[in-house]
Amino acid sequence: MKAITRLICTAPPSCLLTRSYSLTPSSLIHDFTNFCFQRDLSKSMQAMDAMQRHGIRADSITYSELIKCCLARGAVREGKLVHKHIFSNRYNSETFLTNSLLGMYVKFNLLKEAQKLFDEMPERNVVSWTTMISAYSNAKLNDRALKLLILMLREGVKPNMFTYSSVLRACDGLSNLRQLHSSIMKYGLESDTFVRSALIDIYSKLGELQNALHVFHEMVTGDSVVWNSIIGAFAQHSDGDEALNIYKSMKREGFPTDQSTLTSVLRACTSLSLLELGLQIHVHVLKFNQDLILNNALLDMYCKCGSLEDANFIFSRMVEKDVISWSIMIAGLAQNGFSLEALNLFKSMKVFGPKPNYITILGVLFACSHAGLVNEGWYYFQSMKKLFGIDPGREHYGCIIDLLGRAGKLDDAVKLIHEMKCEPDAVTWRALLGACRVHRNLDLAIYSAKQILKLDPEDAGTYVLLSNIYANSQRWEDVAEVRKTMRGRGVRKEPGCSWIEVNKQIHAFILRDNSHPQIHEINRKLSQFIHTLIGVGYVPDTNFVLQDLEGEQRADSLQYHSEKLAIVFGIMSISREKTIRIWKNLRICGDCHAFAKLITKIENRHIVIRDPVRYHHFKDGVCSCGDYW
DNA sequence: CGTTCGTCGA
């Protein structure tokens with residue numbers, strides 16, 4: 001065998017030290033292999049080059065090691081060179097090896113190169129197809145992913161669990177999953193945990209929670225990820241109760257919980273306003289104190305449960321903060337009535353933080369609108385494109401219409417609606433309607449209400465409000481018409497409901513529902529309070545013209561508003577030094593707001609009420625919203 | 001050689 005000059009090694013790999021320095025083709029292969037396994041990219045590349053010049057072919061295992069080496073270094077150019085060598089050495093029919101190359105291109109995010117290679121491959125097995133499908137699913141090119149699955153089936157390649165768990169990610173937007181689900185069953189793959197969690201997740205994304213639950217319940221041998229999927233499904237669809245129940249079963253059955261579980265559980269606490277449970281979960285979170293997503297969920301929980309001291313503490317202690325952390329904190333401050341602090345935080349974000357996104361700006365505009373900062377809000381709205389490269393969307397317009405409307409600039413608000421680049425939706429008009437309520441503009445209120453009902457014919461509150469306005473103007477025919485439409489469409493107003501957590505129990509107070517065991521005592525106490533408050537200047541506000549309360553609920557029901565009952569119950573059952581926290585489904589009315597302010601003064605209490613839009617911190621007879629909500 | 005689950009909004 002002809003000896004060849006040593007070209008590559010300046011120092012031989014340690015395993016070669018005992019060998020002669022004269023190189024043979026087999027020793028060159030040996031060196032190449034060693035460099036590859038040592039992940040020494042530049043020497044491997046030189047060795048590969050030398051072998052090529054001497055017409056020596058390395059084995060496919062070594063090439064696949066070299067691909068791993070390129071991947072580890074992020075060496076795109078070298079990877080492409082390896083690709084060339086593999087093909088010139090006629091390895092392109094070694095599917096194992098070409099699949100490695102395919103995987104490399106996908107990991108480098110070079111989908112075009114991957115597709116080209118895929119098209120040129122003489123043989124494509126299930127791994128080749130799955131690699132491409134997974135690449136397109138990840139890139140959210142759903143159509144391509146689904147199309148590949150069809151082509152694959154047409155070519156007679158049998159998909160496996162890898163294929164389905166990948167392709168399912170590309171199925172949001174699909175009208176139904178029946179066909180796909182039954183082919184999974186046909187291949188007997190539904191019991192695979194990867195497939196099961198992907199199925200649960202996609203059913204959840206399509207809003208088909210019952211189907212998700214069905215897939216979950218058919219599970220025989222479980223897996224934490226499957227549990228996480230179903231808990232996440234309910235948490236994301238605001239069914240915190242069910243999410244927490246499943247979490248309890250998960251623990252009972254002994255499955256380990258991880259960051260993902262806790263994130264969803266915290267989200268459930270957030271949507272149910274369960275501060276006490278959230279505090280308990282916080283203890284478990286400490287085990288994962290470096291997890292950004294989990295910390296964000298914790299931060300959001302404290303903001304949305306109205307505990308800003310805790311939120312501030314978490315925010316200041318987080319090692320890593322991303323745009324979501326900042327957005328949560330800015331919106332959280334604003335919703336809790338600390339608009340100026342929110343804007344200050346935004347200013348420091350611009351200096352020290354990440355680039356704001358669409359949602360961050362929304363929080364900033366919300367802060368301006370709830371603090372009455374017309375000029376500042378308008379400035380951010382006008383310049384958001386220039387300053388942050390974000391085009392104002394429908395939601396931003398909603399905020400700014402709210403801002404103008406609250407400030408009494410109804411004409412400007414209307415003008416802006418007509419100038420919007422995107423079509424106004426029901427939420428846009430609802431912002432204007434809210435302003436009409438505050439500033440008692442009946443004609444414009446009627447107009448906005450009609451626009452809302454065109455876009456959202458199910459909106460019970462708007463029907464009731466419209467009918468109240470007509471009744472107030474004695475337009476009885478119009479009242480009858482609205483009522484008729486409402487009945488015809490089967491729309492019913494959701495009753496006002498307030499919740500309060502006492503001793504880890506949630507107590508619900510629903511308008512005209514007397515099922516609470518202590519309801520008589522609560523009512524008696526409430527009457528006493530009202531009597532006392534009238535003595536210090538409280539005047540029950542019975543003007544419902546621009547409220548969306550049902551007519552028949554008006555006359556005597558003021559004192560039975562669910563939040564008043566919850567407040568009284570809270571005073572009765574929560575110790576004095578603790579904050580009374582209430583969560584309700586409708587926005588607080590002016591009368592209850594006045595009631596809450598006064599009662600914190602005479603009872604020396606701290607009350608936080610969370611409504612669907614923001615938080616009211618009542619203390620010493622004043623509210624953090626400054627009566628501006 | 002290819003797979004599943006978690007955070008911010010009017």
Side-chain angles (χ1 to χ4, degrees), chain A residues 60 64 67-68 94-104 106-107 125-135 137-138 159-169 189 192-202 204 223-233 235-236 257-267 270 288 291-301 303-304 322-332 334-335 356-366 369-370 393-403 425-428 430-431 434 612-614:
Chain A
S60 54
S64 96
I67 293 171
K68 282 188 204 158
E94 295 248 351
T95 313
F96 171 84
L97 196 51
T98 37
N99 280 344
S100 291
L101 278 175
L102 205 57
M104 178 191 75
V106 169
K107 286 189 191 117
N125 63 11
V126 57
V127 175
S128 334
W129 286 96
T130 303
T131 306
M132 290 310 296
I133 288 174
S134 166
S137 296
N138 273 332
N160 61 17
M161 55 280 254
F162 289 84
T163 321
Y164 278 111
S165 46
S166 303
V167 83
L168 280 169
R169 287 167 54 102
L189 296 170
D192 180 78
T193 55
F194 283 79
V195 174
R196 193 184 300 281
S197 41
L199 261 175
I200 291 172
D201 188 53
I202 200 66
S204 153
D223 156 69
S224 284
V225 180
V226 180
W227 285 90
N228 289 349
S229 306
I230 194 72
I231 294 172
Q236 279 154 34
T257 57
D258 60 13
Q259 297 99 307
S260 186
T261 326
L262 295 178
T263 304
S264 296
V265 171
L266 280 172
R267 182 160 168 163
T270 305
F288 307 102
D291 193 297
L292 176 63
I293 297 180
L294 183 52
N295 277 329
N296 283 344
L298 187 67
L299 183 65
D300 194 41
M301 186 275 293
C303 285
K304 295 236 164 63
D322 66 355
V323 61
I324 295 184
S325 328
W326 288 84
S327 306
I328 291 169
M329 199 64 218
I330 289 170
Q335 285 165 339
N357 69 11
Y358 191 94
I359 296 174
T360 320
I361 307 296
L362 218 50
V364 172
L365 296 181
F366 183 93
S369 108
H370 285 259
R394 193 178 279 142
E395 293 92 343
H396 298 104
Y397 276 98
C399 262
I400 215 75
I401 286 161
D402 188 64
L403 173 91
D425 66 354
V427 183
T428 318
R430 237 172 253 139
V613 180
R614 62 171 298 158

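Lettering follows sequence order; numbering is per chain, from 1.
Checking the phosphate oxygens (OP1, OP2) of dT7(B), a side-chain nitrogen or oxygen of Gln236(A) falls inside 4.0 Å. At dC1(B), none of the side-chain N or O atoms of Lys107(A) fall inside 4.0 Å of OP1 or OP2 (strictly under the cut-off). Proximity of Thr130(A) to the phosphate of dT3(B): no side-chain N or O atom is located under 4.0 Å from OP1 or OP2. Dashed line: the shortest gap from a side-chain N or O of Gln259(A) to OP1 or OP2 of dC5(B) is not under 4.0 Å.
The distance between atom CG of Leu102(A) and atom C1' of dC1(B), rounded to the nearest whole Å, is 9 Å. Residue His370(A) contributes atom NE2, which lies 9 Å from atom C1' of dA10(B) at whole-angstrom precision. For Asn125(A) and dG2(B), the CG to P distance is 12 Å, given to the nearest whole Å. A straight line from CD1 of Ile324(A) to P of dG6(B) spans 13 Å, rounded to a whole angstrom. Rounded to whole Å, atom P of dT7(B) lies 14 Å from atom CG of Asn295(A). Between the CZ atom of Phe162(A) and the P atom of dG2(B) there is a distance of 9 Å, given to the nearest Å. Atoms CE (Met301(A)) and P (dC8(B)) sit 13 Å apart, rounded to a whole Å.
Using a 4.0 Å heavy-atom criterion, one finds that Arg267(A) contacts the sugar-phosphate atoms exclusively. Counting non-hydrogen atoms under 4.0 angstrom, Val126(A) reaches a base of the nucleic acid. Residue Gln335(A) is classed as a sugar-phosphate contact, given heavy-atom separations below 4.0 Å to backbone atoms only. Arg196(A) comes within 4.0 angstrom of no nucleic acid atom, judged by non-hydrogen atoms across all strands. If you check every strand for non-hydrogen atoms under 4.0 Å, Ser327(A) touches a base. Thr193(A) comes within 4.0 angstrom of a nucleotide base, judged by non-hydrogen atoms across all strands. At the heavy-atom level, Leu97(A) lies nowhere under 4.0 Å from the strands shown. Among the protein residues, Tyr164(A) comes within range of no part of the nucleic acid, since none of its heavy atoms lies under 4.0 Å from any strand.
Remark: side-chain polar atoms of Ser204(A) are not paired, donor with acceptor, to backbone N or O of Ile200(A) under 3.5 angstrom. Of the possible donor and acceptor atoms, none in the side chain of Ser229(A) sits under 3.5 Å from a partner among the backbone N and O of Asp201(A).
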Side chain to side chain donor-acceptor pair (under 3.5 Å) for Thr261(A) and Asp258(A)? Distances and angles first, verdict last. CA-CA 5 Å; Thr261(A) 326; Asp258(A) 60 13; 2.8 Å; yes
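At a threshold of 4.5 Å between non-hydrogen side-chain atoms, the residues Thr257(A) and Val265(A) do not count as touching. Within the 4.5 Å cutoff, side-chain heavy atoms of Phe288(A) are placed close to those of Leu262(A).
Checked by distance alone, Asn160(A) brings a side-chain donor or acceptor within 3.5 Å of a matching partner on the base of dG2(B). Residue-to-nucleotide contacts include no donor-acceptor pair under 3.5 Å from the side chain of Ser165(A) to the base of dT4(B). No donor-acceptor contact under 3.5 Å links the side chain of Asn296(A) to the base of dG6(B). Taking 3.5 Å as the limit, the base of dC5(B) and the side chain of Ser197(A) contain no donor-acceptor pair of atoms between them. Below the 3.5 angstrom threshold, one finds a donor paired with an acceptor across the side chain of Glu395(A) and the base of dG9(B).
Listed nucleotides: dT3(B), dC8(B), dC5(B). Nearest to the side chain of Ser260(A): dC5(B).
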